[in-house]
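Atoms within each ligand, like the ligands themselves, are counted from 1 in listed order. Computed from a prediction, not measured in an experiment: that's the story for all the values here.
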Amino acid sequence: MIRKIKGTQDILPNEIEKWHEIEETMRNVAKIFNFSEIRTPIFEASELFHRSVGETTDIVKKETYDFKDRGSRMNTLRPEGTAGVVRSVIENKLYTDPNLPLKLYYYGPMFRYERPQKGRQRQFHQFGAEIIGSNSSLVDAEVINFAATYLKALKINDINIRVNSLGDRESKDRYQLALNEYLEPNIHNLCEDCNRRYKENPLRVLDCKVDKDSETLKNAPKPLDYLSDNAKVHFDQVIMALDQIGLNYTIDKNLVRGLDYYTHTVFEIDSDLETLGAQSTLVGGGRYNNLYQSLEGPDLPAIGFAFGVERLLLALEAINQEEVKPQIHCYFINLGDVFENESLKIINQLRRGGLIVDYDYFNKSLKAQFKQADRMNPRFYLIYGDEEAKKGVVNVKPTNSKDQVEVRIEDLYQYLINQLTQNTGCSSCEGCSGCH
Ligand code: AMP
């Protein structure tokens with residue numbers, strides 16, 4: 001039997017409601033913050049990721065899915081979303097929009113050849129957002145607030161927002177010098193990966209998960225102490241804006257984030273919820289003011305974040321204990337000949353009006369149809385046999401009472417709508433969930 005590839009996952013029908021909740025909430029919150037969706041290809045020229053994410057990052061060095069296409073071009077399955085968005089904004093000249101900054105969000109699968117474990121897969125999903133074309137510190141706060149508001153909307157309240165600043169290029173250069181000087185005599189105390197990173201990109205040593213509690217890393221110089229005056233003003237304003245918004249955050253001087261392109265503000269939100277296990281970071285992001293230029297685009301400062309959707313699902317496991325059983329509006333029980341009577345027509349009319357209706361395809365017995373109906377959890381049984389067909393009526397039986405009413409076929413849709421909206425005050429039943 002052919003099995004799914006290691007590190008990938010089927011999302012089965014009994015799990016899909018949670019995914020829909022995450023996706024719907026994402027779109028609603030994006031709308032509130034006035035972001036538009038962008039969809040970019042799942043594979044891109046490999047060079048895009050080498051030049052943006054960074055040659056020395058673990059993602060590009062060890063984790064990309066690369067393949068040569070039939071024209072001998074090197075392609076890569078996207079390991080993250082920002083690079084594709086940047087490429088698309090440049091290629092489609094979206095930056096000429098008079099209404100800058102662009103506020104974009106994306107959602108979809110990403111691919112990294114990692115060691116699979118709980119909350120870490122080879123195909124996983126990210127929901128990300130980017131604000132492109134503004135240097136304002138308000139934009140940094142806006143993006144952090146967007147991420148926090150999304151978590152609140154999902155009722156994930158047990159969160160820690162950590163922020164830090166790497167500063168502008170000048171600050172980053174000064175800091176790297178200081179870090180190099182400090183690390184040179186101490187690097188032998190750190191792990192093998194740190195020794196490699198130290199040579200390639202010393203900043204990334206701070207990001208090490210293995211040595212994060214070692215004295216060597218604890219005592220290392222911190223980016224925040226090397227900020228230029230401009231970078232300091234920028235970060236102070238971000239903090240003031242977060243205070244104004246009323247978000248709880250901590251300044252984490254060790255936070256650097258793994259990718260090369262970050263400048264100024266970086267942030268992560270994690271949660272102590274048990275279901276997350278070791279992978280407690282729900283979202284990470286930061287400013288990347290030089291990426292557009294380094295990909296031959298215009299000088300466009302930008303900032304973004306990316307949520308790991310599978311981790312959100314793990315977090316939701318901890319807080320949404322009670323399962324909501326999906327419900328349909330009506331189960332149509334047909335006791336006559338489906339090819340002779342009007343049952344298909346009636347069902348279709350109800351569906352065209354937005355009601356969720358299902359029925360039996362197998363000419364089952366009355367008892368079997370009731371059994372099948374109950375598995376679908378309908379609000380009404382609609383019973384239609386030869387008697388009803390002759391009279392031009394349907395017997396409507398609510399599943400929560402013993403009453404049964406005979407309703408004329410031409411009045412059936414309106415009757416059901418009235419019944420369904422009676423207790424909810426919901427005035428439109430175009431398939432909305434108000435009546436559930
Ligand atoms: P990154 O692009 O590495 O900054 O990751 C952003 C977010 O994506 C992380 O905080 C995780 O929630 C999620 N993420 C990253 N890698 C994986 C993975 N291999 N499996 C599941 N989620 C991931």
Checklist line | Phe67 and Phe43 aromatic centres sub-6.0 Å | finding: yes
Check: Between atom CD of Glu268 and atom OG of Ser280, what is the distance when rounded to the nearest 0.5 Å?
Finding: 8.5 Å
Notebook entry, point to check: Of all the non-hydrogen atoms in the protein, which one sits nearest to atom 9 (C) of ligand 1, and at what distance?
Noted result: Arg311 NH1, 4.0 Å
Check: What protein heavy atom sits nearest atom 14 (N) of ligand 1, and how far off is it?
Finding: Phe124 CE1, 3.6 Å
Next item on the list: Say whether, by atom type as modelled, one donor and one acceptor occur between the side chain of Glu310 and the main chain of His125 under 3.5 angstrom.
Entry: yes
Check: Nearest to atom 10 (O) of ligand 1, what protein heavy atom do you find, and at what distance?
Finding: Thr281 O, 3.4 Å
Notebook entry, point to check: Strictly by modelled atom types, are Asp252 and Thr250 linked by a side-chain donor-acceptor pair under 3.5 Å?
Noted result: no
Notebook entry, point to check: At what distance, to the nearest 0.5 angstrom, does CG of Asp360 lie from NZ of Lys371?
Noted result: 13.5 Å
Notebook entry, point to check: In terms of atom number and element, which parts of ligand 1 are under 4.0 angstrom from non-hydrogen atoms of Gly119?
Noted result: 20 (N), 21 (C), 22 (N)
Next item on the list: Could you pull out, from Met110, Arg112, Glu268, the option with a heavy atom nearest to atom 2 (O) of ligand 1?
Entry: Arg112
Margin query: Suppose we measure from atom 5 (O) of ligand 1 to each protein heavy atom; which comes out shortest, and what is that distance?
Written below: Gln126 NE2, 3.4 Å
Item checked: Ile239, Asp140, Ile269, Val266 screened by side chain to side chain contact (heavy atoms under 4.5 Å, CB included) with Val163, the one that passes -> Ile239
Note to self: What's the separation between atom CZ in Phe380 and atom CG in Leu420, rounded to the nearest 0.5 Å?
What the structure shows: 5.0 Å
Next item on the list: May I ask you to list the atoms of ligand 1 that are less than 4.0 angstrom from any heavy atom of Glu114?
Entry: 16 (N), 17 (C), 18 (C), 19 (N)
Check: Under the 6.0 Å and 45° cation-pi test, does Arg122 pair with Tyr113?
Finding: yes
Check: Purely on distance, is any nitrogen or oxygen of Gly308 under 3.5 Å from one on ligand 1?
Finding: yes
Margin query: Within ligand 1, which atoms have a heavy atom of Leu282 less than 4.0 Å away?
Written below: 10 (O), 12 (O)
Next item on the list: Measure the distance from atom 4 (O) of ligand 1 to every protein heavy atom, then report the residue, atom name and distance (to 0.1 Å) of the closest one.
Entry: Arg257 NH2, 2.5 Å
Check: Could a heavy atom of Arg120 be found less than 4.0 Å from some atom of ligand 1?
Finding: yes
Item checked: Closest protein heavy atom (residue, atom, distance) for atom 7 (C) of ligand 1 -> Ala306 O, 3.5 Å
Check: Is the backbone N or O of Glu44 less than 3.5 Å from a side-chain atom of Thr76, with the two atoms forming a donor-acceptor pair by type?
Finding: no
Notebook entry, point to check: What protein heavy atom is closest to atom 20 (N) of ligand 1, reported as residue, atom name and distance in Å?
Noted result: Gln121 N, 2.9 Å
Check: If you round to the nearest 0.5 Å, how far is NE2 of His264 from CG of Asn290?
Finding: 8.5 Å
Checklist line | N or O contact, Glu310 vs ligand 1, cut-off under 3.5 Å | finding: no
Check: Does Glu80 reach ligand 1 with a nitrogen or oxygen that is under 3.5 Å from one of the ligand's nitrogen or oxygen atoms?
Finding: no
Notebook entry, point to check: Where does Arg122 meet ligand 1, judged by heavy-atom distances below 4.0 Å: at the side chain, the backbone, both, or neither?
Noted result: neither
